[in-house]
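For the numbers below, each heavy atom of this structure counts, side chains included, while hydrogens, waters and symmetry mates do not.
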Amino acid sequence: MDSCVKERCPNAERVLDGFHIVSWMTDALDKVRRRLWNDARRNGDEQAAKRMRGVKYAVLKNPDDLTGKQNAALDGVRNTDPKGPALPRVAAQGTPAHPAQTPLDQARGKLDHWIFWASRSRIPEIVELSQKIRRRCPDILRTIELGWPNARLEAFNNRIKVTIRMAFGFHHVDDLISLVMLRCGGR
């Protein structure tokens, strides 16, 4: 996809909304939780497997917003992972999502800090996520620089998808690109 965009639309600026970053983080946390749960079940540790059940939503919340039960569930899995308390560490670090009102330099610093931490976390799922975010860092920073909210990005994305469906049967991709530019170009 990237090579096609570079070839056909060399002046296009790619942006990435915060929803996708949070979605990636949620998926990575769930993979960590499932891996730990499966390891505990395989090793016959029923207590650890039982403790993992209440953790799914606790790791996805802001640490300041946890209920007493969720805090207890997170505390219960602190020593479940042989590599260290993976889920509590990741939950405490937070997501690398970008707030729209953050100044660009501050956002770049926070993103660099998160990538640095995640790439050295020794948690395979989080290391993989850090590599993905490192690749998409320019797109994330461009989104912050432009100040576009998620709603506007999703509207563009939807408009492009509808245009692609309308263009079904076009013989040349240049015709599709022209139609997208016509429908989504500046006003």
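- For the residue pair Ser121 and Val127, the shortest heavy atom distance occurs at OG-CG2, 4.0 Å.
- Atom CZ of Phe156 and atom NZ of Lys161 lie 15.0 Å apart (nearest 0.5 Å).
- Using a 4.0 Å cut-off between a side-chain N of Lys or Arg and a carboxylate O of Asp or Glu, Lys31 and Asp27 do not qualify as a salt bridge.
- Side-chain heavy atoms closer than 4.5 Å link hydrophobic residues (I, L, V, M, F, W, Y) into clusters, and following such links, possibly through other members, connects Leu111 to Leu104.
- Once rounded to the nearest 0.5 Å, the distance linking CZ of Arg142 with CD1 of Ile140 reads 11.0 Å.
- The environment of CZ in Phe116 is sparse: at most 12 heavy-atom neighbours from other residues, nucleotides or ligands sit within 6.0 Å.
- Going from atom OG of Ser178 over to atom CZ of Arg183 covers 14.0 Å, rounded to the nearest 0.5 Å.
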Exercise. Evaluate the salt bridge (Lys or Arg N to Asp or Glu O under 4.0 Å) criterion for residues Arg108 and Asp112: first the C-alpha distance (whole Å), next the side-chain angles of each, then the deciding distance (0.1 Å), finally the verdict.
Key: CA-CA 6 Å; Arg108 182 178 287 120; Asp112 288 344; 5.6 Å; no

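- Between atom NE2 of residue His20 and atom CH2 of residue Trp24 there is a gap of 7.5 Å, rounded to the nearest 0.5 Å.
- Closest of all the heavy-atom pairs between Ala28 and Ile126 is CB-CD1, 4.0 Å.
- Annotation: the span from Asp174 atom CG to Met181 atom CE amounts to 12.5 Å, rounded to 0.5 Å.
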Exercise. Could you walk me through whether Asn38 and Arg35 pass the side-chain hydrogen bond (donor to acceptor under 3.5 Å, both in side chains) test, one step at a time?
Key: CA-CA 5 Å; Asn38 286 328; Arg35 176 179 52 86; over 6 Å; no

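- Grouping the Ile, Leu, Val, Met, Phe, Trp and Tyr side chains by contacts below 4.5 angstrom, directly or via other members, places Ile160 apart from Met166.
- Separating the NZ atom in Lys132 from the CD1 atom in Ile115 is a distance of 13.5 Å, to the nearest 0.5 Å.
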Self-check item: From CA spacing to verdict: side chain to side chain contact (heavy atoms under 4.5 Å, CB included), Trp114, Leu129
Solution: CA-CA 11 Å; Trp114 190 92; Leu129 175 64; 3.7 Å; yes

